[in-house]
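Here's the structure, in structure tokens; my notes come after.
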Protein chains: 2
Amino acid sequence: MKWDDIQEMPCSVARALSIVGDRWTLLILRDCFMGTKRFDKFQKQIGLSRHRLTDRLNKLVDYEILRKAPYQEKPVRHEYRLTRKGVELYPVLMTLAKWGDNWMAGEDGPPIEYFHTTCGHKTSVELCCSECGEEINPKEMIPKMGPGLRALSEKARPK
Amino acid sequence: MKWDDIQEMPCSVARALSIVGDRWTLLILRDCFMGTKRFDKFQKQIGLSRHRLTDRLNKLVDYEILRKAPYQEKPVRHEYRLTRKGVELYPVLMTLAKWGDNWMAGEDGPPIEYFHTTCGHKTSVELCCSECGEEINPKEMIPKMGPGLRALSEKARPK
DNA sequence: AATAGTAAGTTCCAAAATAGAACTTGTAAA
DNA sequence: TTTACAAGTTCTATTTTGGAACTTACTATT
């Protein structure tokens, strides 16, 4: 199985990972959420090769997760900004960060803490049900075949 | 920057990605949450090479995200089960799935839908503040230096 | 006018990671 | 005796990556 084939899987996790599931992309997006916008900043903060960075940024632009916006003429220079599609990856990064805080932080504690300006408290994120608002326990979630899968299986045996 | 160095970064996202940030690991864990436990099942469902699968499963066992449990003697066969540390990656997978549903599903709609047995509704997941319960908007979250980073900067200039 | 600096890349090559197929081990069933 | 199964291991060709040097288009400094 080649990496590009992952995108064809009828699975939203696989499809998402086909874009962000490599070594660097989520680190680039983490930096975006911290305000980084320019090529050199990404390169210094993340420490990946310029070659790879070019690649990844282009891919993110192709998929409309970032967009290039000129910030000067002569010579033209662009910065990379999150689109709405990109901003909506925030929960992925925050849940990763929370897991890292809980399981990888060592005895010094988490490197970063978060404050929720809306309520004024030091906070952490929780995954909640959109309907009842309760925190989600994996055992209480039942996956069922959705329209995407049904459409596929109908194409497979067309009557 | 080599991939193994990522783990040393004072960033919980980077540390988490040093374990789960490769092409296959999160797909393996997705299958775990769907109930897959055995080598051959993983291999067939994901389509990665046996070699890679061996590697990734061992890594997940080393990091105590999965553990091996014997399910027969003669010959001894093991299955792979999520530990608590592993189960706590559920929010990462669900936020990825939600993003994939929203942005990668095509016109047939999401392949899988979820039902929350606790409240009985078809649901999707939301990221909420642990303190006030409101849904989180990235702009309302302020990152501040935490104890992990402070400890580091004190080691850097000892007095 | 010459030199250095900056931002955003591109080119090149050696090294590392991967895919896919074949092989191995221990066992049971036909 | 042959076939099948589960869970790997070994092998080689291919792909991806890291890192350093180079490029382009400008601005600032000497």
Side-chain angles (χ1 to χ4, degrees), chain A residues 1-9 14 17-28 31-32 35-63 65-82, chain B residues 1-9 14 17-28 31-32 35-63 66-81:
Chain A
M1 169 90 62
K2 294 285 175 59
W3 186 238
D4 288 351
D5 302 331
I6 299 296
Q7 195 158 8
E8 309 302 316
M9 289 182 167
L17 287 175
S18 75
I19 305 181
V20 302
D22 68 280
R23 281 165 162 65
W24 301 114
T25 301
L26 284 171
L27 288 178
I28 292 171
D31 279 15
C32 290
T36 303
K37 293 185 174 61
R38 299 191 188 172
F39 190 92
D40 268 31
K41 267 283 174 75
F42 287 115
Q43 211 248 314
K44 267 161 212 150
Q45 284 167 13
I46 304 178
L48 85 174
S49 72
R50 312 172 76 67
H51 197 150
R52 277 313 99 208
L53 181 56
T54 302
D55 234 56
R56 294 300 185 258
L57 288 172
N58 285 340
K59 188 171 182 184
L60 288 169
V61 170
D62 285 349
Y63 280 106
I65 288 168
L66 300 179
R67 73 187 142 74
K68 272 173 122 156
Y71 68 87
Q72 69 168 38
E73 314 283 326
K74 302 211 296 184
V76 183
R77 294 274 183 257
H78 298 90
E79 55 183 28
Y80 295 88
R81 292 187 197 158
L82 287 161
Chain B
M1 168 92 60
K2 294 285 176 60
W3 186 239
D4 287 351
D5 303 332
I6 299 297
Q7 195 157 9
E8 309 302 315
M9 288 183 167
L17 287 175
S18 75
I19 305 181
V20 303
D22 68 279
R23 281 165 161 65
W24 301 114
T25 301
L26 284 171
L27 288 179
I28 292 171
D31 279 15
C32 290
T36 303
K37 293 185 174 60
R38 300 191 187 172
F39 191 91
D40 268 31
K41 267 284 174 73
F42 287 115
Q43 211 248 315
K44 267 161 212 150
Q45 284 167 13
I46 303 178
L48 84 173
S49 71
R50 310 172 77 67
H51 196 150
R52 276 314 97 205
L53 180 56
T54 303
D55 233 56
R56 294 300 186 257
L57 287 173
N58 285 339
K59 188 170 181 184
L60 287 169
V61 170
D62 285 349
Y63 281 106
L66 300 179
R67 72 188 141 73
K68 272 172 123 155
Y71 68 87
Q72 69 168 37
E73 313 285 325
K74 303 210 299 182
V76 183
R77 295 275 183 256
H78 297 91
E79 56 183 27
Y80 295 88
R81 292 187 197 157

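Chain A is the first sequence line, chain B the second, and so forth, proteins listed ahead of strands; every chain is numbered from 1.
- The listed nucleotides are dG18(D), dA7(C), dT9(D); the one nearest the side chain of Thr54(B) is dT9(D).
- Here the C1' atom of nucleotide dG9(C) and the CD atom of Gln43(A) are 11 Å apart, to the nearest Å.
- With contacts defined as side-chain heavy-atom distances shorter than 4.5 Å, the pair Ile46(B)/Trp24(B) qualifies.
- One atom, CG of Leu48(A), and another, P of dT16(D), lie 16 Å apart when rounded to the nearest Å.
- Phosphate contact (OP1/OP2 of dT18(C), side-chain N/O of Arg56(B), threshold under 4.0 Å): present.
- Contact annotation for Tyr71(A): backbone-only contact, meaning every heavy-atom pair under 4.0 Å involves sugar-phosphate atoms and none involves a base.
- Both Trp3(B) and Arg38(B) lie close to DNA chain D; mapped to their nearest nucleotides by heavy-atom distance, the more 5′-ward contact belongs to Arg38(B).
- Put simply, the side chain of Glu79(B) never gets that close to the backbone of Lys68(B): no donor and acceptor are under 3.5 Å apart.
- Under a cutoff of 6.0 Å and an axis angle of 45°, Arg38(A) and Tyr71(A) form a cation-pi pair.
- His51(B) comes within contact range of at least one nucleobase, with a heavy-atom separation under 4.0 Å.
- Residue-level contact check: Tyr80(A) touches the backbone only, with heavy atoms under 4.0 Å from sugar-phosphate atoms and none from bases.
- Leu57(B) has its CG atom 16 Å from the P atom of dA6(D), to the nearest Å.
- Here dA29(C) presents its C1' atom at 14 Å from CD of Gln72(B), a figure rounded to the nearest Å.
- The side chain of Arg52(A) places an N or O atom within less than 4.0 Å of a non-bridging phosphate oxygen (OP1 or OP2) of dT17(D).
- Separating the NZ atom of Lys74(A) from the P atom of dA7(C) is a distance of 18 Å, rounded to the nearest angstrom.
- Atom NZ of Lys41(A) is surrounded by 12 or fewer heavy atoms from other residues, nucleotides or ligands within 6.0 Å.
- Of the two residues near DNA chain D, Phe39(B) and Ser49(A), the one whose nearest nucleotide lies more 5' is Phe39(B).
- The CG atom of Asp55(B) sits 12 Å away from the P atom of dG8(D) (whole-angstrom rounding).
- The closest side-chain heavy-atom distance from Ile6(A) to Leu27(B) is below 4.5 Å.
- Atoms NE2 (His78(B)) and P (dG8(D)) sit 8 Å apart, rounded to a whole Å.
- Among the atoms of the strands shown, only primed sugar atoms or phosphate atoms (P, OP1, OP2) are found under 4.0 Å from some heavy atom of Lys68(B).
- Distance NZ (Lys2(A)) to C1' (dT18(C)): 10 Å, rounded to an integer number of Å.
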